[in-house]
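Below is one structure, written out as C-alpha cells, with a few remarks after it.
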Amino acid sequence: MSATERLYYQDSRLLEFDARVVDLSERDDGAIAVTLDRTAFYPTGGGQPNDTGTLGEARVVDCIDAESDGVLHVIQGPAPQIGDSVHGRVDRQRRLDHLQQHTGQHILSAALVKLFDAPTRSFRMLAHECEIDVALADAADQKIEKAVDLANQIIWEARPIQIMEVSSEAAAALPLRKESAREGELRLIQIEDFDLTPCGGTHARSTGEVGCIAVRSWERAKGLVRIQFMAGGRVLADYRKANATAREVAALFSAGREDSPALLAKLVDENKKLSRRVRELDEIACRVEAEELLRAISPATSESAAAVIVKIFEDRSADSLKHLALALTAHPGVVALLGSRDGAAARLVFARAADAPGDMNALMRQACELIDGRGGGNSALAQGGGKNVNVLEAALAAARQSQGLA
Ligand SMILES: [Zn+2]
C-alpha cells in the first residue's frame, strides 16, 4: 500500500490540493524531501520528468517515486512539520507540456503499430524534443510521415481518453499494445477505438488536447529507429524558430523561403569553383613573391647561393604558406621557414630545396613544442600549428639558429 495517494492517477487536470505531511527526510545533498498522504505531483518515471510547483511557501524542485514509500517532494524553502496541513500547487505550463508530449507519444506509437506493426521499445521526454526507439523495418521519411499523418488525424478527431483499472489477470485477456511487468491492479489508458496500453503517466482527457504532432528527425540506432518528435505547444515553438531561421536565410538571397535551398546550393557550388581558381592563382602569385623575397634578401648573390628565408605573415592560410614555401624551395639552396598569425592560432611551414641541408621535420617538432602545438612531415617539408601565438617569432628564430648549425 503506497504511503501517498496519487491524485494524478484519477485526474491529470488537478493542479491544487491539500494534504498532510506524513514524513520528512534529508537527501544526500542536504535538501529536504516531504512525503504527503496524497499528492497531485507526478514523480519522474516512464520516460516523463517530474512536476514542479509549490508546497506551502516552499518550491518543489524534484519529485521522486519511492514506490511503496510514496512520493518524495524535494523542496527549497521553508520545510513544514510532520502532521502539518499543506497546500500544493503544480506548475500548470510544465504539466500541460508533459501531458501533451506523453499523450502524443501514446498516439504516435499506436499509429506506428497500426500501420507498420512497429512497436516502441523506449521513450524519453527531453527538454526540447522527445525520442522513441521503434522496431521499424525499412525506415524512410515517407513511412514515418504516414504515421505522423495518422497520429494527427486521431488528434483532430478529439477522441476521448479513458483510464481503466483492471487486474493483471483481466488485462492479460485484453489487446494491449504493450505488456506490463506489474502485478495486481493495472492502470490502462484507452484512446477510443485506437489504443489500449498500461501506463502510470499523466494523460489528456481527449486526443484533441495534444494539438499536433511533428517529427523533427530520425536515425538508425542500435538496430532500432530513433524518432525525434514533439507535440502540442512545442510544435508551435519549434515552427517559430525554424521559420525565423528559414526567413533569415531567404533574406540573404532576397528570395522566398522555398527558393533558398536551391540558391544556397548554387552558392556553395560557385564557392567551390572559386576556391579552386583562387588556389591556382595563389600558386602563380607565390612564384612571383618568391622571386621578390629572394631578390630582397641577397640582391648581389647568385641564384645558387644558399639562403634562409624567415618570414611571418598575418592571416595567411596554410595552403598559401605551403605554396610560397614550395615556390621558394624550387630555387637551389633555399630554406624557407614561414609562419602566420591568425588571431589565436599560429601556423608554420618549413621547407628546403632538394640540395639544401637540414631536417625540416626535426625543426618543426622543436618549433611546435615552443608554440604549444603539433606538427610534422619529412626532412624536406613539414607543417604545424599551435596556440601560443606570442612566441611565434622566437620559435622561428630558434629554428633559424638550428638550421644555421645544420
Ligand atoms: Zn502514458
Side-chain angles (χ1 to χ4, degrees), residues 1-105 123-130 161 163 165 185 187 189 199-206 209-211 230-238 240:
M1 182 70 192
S2 170
T4 307
E5 186 192 346
R6 298 169 190 237
L7 302 169
Y8 58 82
Y9 273 169
Q10 290 313 319
D11 187 359
S12 59
R13 289 274 156 168
L14 179 72
L15 299 176
E16 290 201 43
F17 65 102
D18 291 297
R20 205 167 45 80
V21 177
V22 295
D23 194 23
L24 293 174
S25 54
E26 199 180 322
R27 308 296 300 166
D28 288 344
D29 61 0
I32 299 295
V34 182
T35 310
L36 304 171
D37 62 345
R38 59 212 292 269
T39 189
F41 280 94
Y42 181 80
T44 302
Q48 182 176 334
N50 62 281
D51 284 324
T52 56
T54 55
L55 208 54
E57 297 299 305
R59 190 80 203 131
V60 177
V61 293
D62 194 7
C63 243
I64 298 158
D65 194 340
E67 298 286 333
S68 59
D69 288 333
V71 177
L72 306 184
H73 305 74
V74 181
I75 59 164
Q76 277 173 359
Q81 303 286 309
I82 292 177
D84 278 1
S85 248
V86 286
H87 187 69
R89 187 176 284 145
V90 176
D91 288 336
R92 197 186 74 87
Q93 203 50 46
R94 185 173 160 98
R95 164 64 68 85
L96 174 66
D97 172 51
H98 291 175
L99 184 148
Q100 286 183 323
Q101 309 313 314
H102 183 95
T103 310
Q105 182 258 309
F123 164 57
R124 284 166 301 281
M125 194 187 297
L126 308 172
H128 187 246
E129 70 264 344
C130 304
I161 300 176
I163 302 162
E165 303 273 356
E185 282 285 292
R187 182 171 183 259
I189 309 303
C199 187
T202 54
H203 305 88
R205 283 174 299 192
S206 146
E209 286 174 54
V210 177
M230 42 185 62
R234 290 192 190 194
V235 177
L236 178 60
D238 191 61
R240 283 185 177 137

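Predicted model only: the values in this text are computed from it and were never measured.
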For residues 34-43, please give each side-chain donor-acceptor pair under 3.5 Å, one per line with the distance, not counting sequence neighbours.
| from | atom 1 | to | atom 2 | distance (Å) |
| --- | --- | --- | --- | --- |
| Asp37 | OD1 | Arg20 | N | 2.9 |
| Arg38 | NH1 | Asp18 | O | 2.6 |
| Thr39 | OG1 | Phe41 | N | 3.0 |
| Thr39 | OG1 | His73 | NE2 | 2.7 |
| Tyr42 | OH | Gly45 | O | 2.8 |

request  = Using a strict 4.0 Å threshold on nitrogen-to-oxygen distance, state whether Arg205 and Asp11 make a salt bridge.
outcome  = no
Check: Ile75 and Val60 side chains under 4.5 Å, non-hydrogen atoms = yes
Pairing residues for Asp28 by the side chain to side chain contact (heavy atoms under 4.5 Å, CB included) criterion, not counting sequence neighbours = none
ask   = Can any side-chain N or O of Arg95 pair as donor or acceptor with the backbone N or O of Arg13 at less than 3.5 Å?
value = no
note = Sorted by chain and residue number, the salt bridge (charged side-chain N to carboxylate O under 4.0 Å, His left out) partners of Arg124 (sequence neighbours excluded) come out as Glu131, Asp133
key: Arg234 side, atom CZ; Gln100 side, atom CD - distance, nearest 0.5 Å   = 9.5 Å
Let me have the donor-acceptor pairs involving side chains of residues 76-83, under 3.5 Å, with sequence neighbours excluded, atom names and distances please.
none

query = Which atoms form the tightest heavy-atom contact between Ala66 and Leu72, and what is the distance?
reply = CB-CG, 4.1 Å
key: Residue pair Thr54 / His87, side-chain heavy-atom distance below 4.5 Å   = no
key: Any Ile32 side-chain heavy atom under 4.5 Å of Leu24 side chain   = yes
message = For Asp65, give me all partners under salt bridge (charged side-chain N to carboxylate O under 4.0 Å, His left out), at least two apart in sequence or on another chain.
response = Arg6
task = List for me each residue that meets side chain to side chain donor-acceptor pair (under 3.5 Å) alongside Asp23, sequence neighbours excluded, and say none if there are none.
result = none
Short side-chain to backbone donor-acceptor contact, His203 and Gly201, under 3.5 Å = yes
ask   = What do you reckon, is CZ of Arg92 surrounded by more than 12 foreign heavy atoms closer than 6.0 Å?
value = no
remark   = Value for OG1 (Thr4) from CG (Asp69), rounded to nearest 0.5 Å, stands at 9.0 Å
key: Distance (rounded to the nearest 0.5 Å) between Ser12 OG and His102 NE2   = 10.0 Å
message = Suppose we screen for side chain to side chain contact (heavy atoms under 4.5 Å, CB included). Which residues come up paired with Val74, at least two apart in sequence or across chains?
response = Arg27, Ala31, Ala33, Val61, Asp62, Ile64
ask   = Quick one: side chain to side chain donor-acceptor pair (under 3.5 Å) partners of Gln101, sequence neighbours excluded?
value = Asp97
inquiry  = Run the salt bridge (charged side-chain N to carboxylate O under 4.0 Å, His left out) test against Arg187 and tell me which residues pass, sequence neighbours left out.
reply    = none
task = Please name all residues satisfying side chain to side chain donor-acceptor pair (under 3.5 Å) with Thr44, sequence neighbours left out, ordered by chain then number.
result = Asn50
key: With sequence neighbours excluded, residues passing side chain to side chain donor-acceptor pair (under 3.5 Å) with Thr103   = none
request  = Check Ala231 against Gly104 and note the closest heavy-atom contact, atom names and distance.
outcome  = CB-CA, 4.4 Å
query = By salt bridge (charged side-chain N to carboxylate O under 4.0 Å, His left out), which residues pair with Glu16, not counting sequence neighbours?
reply = Arg89
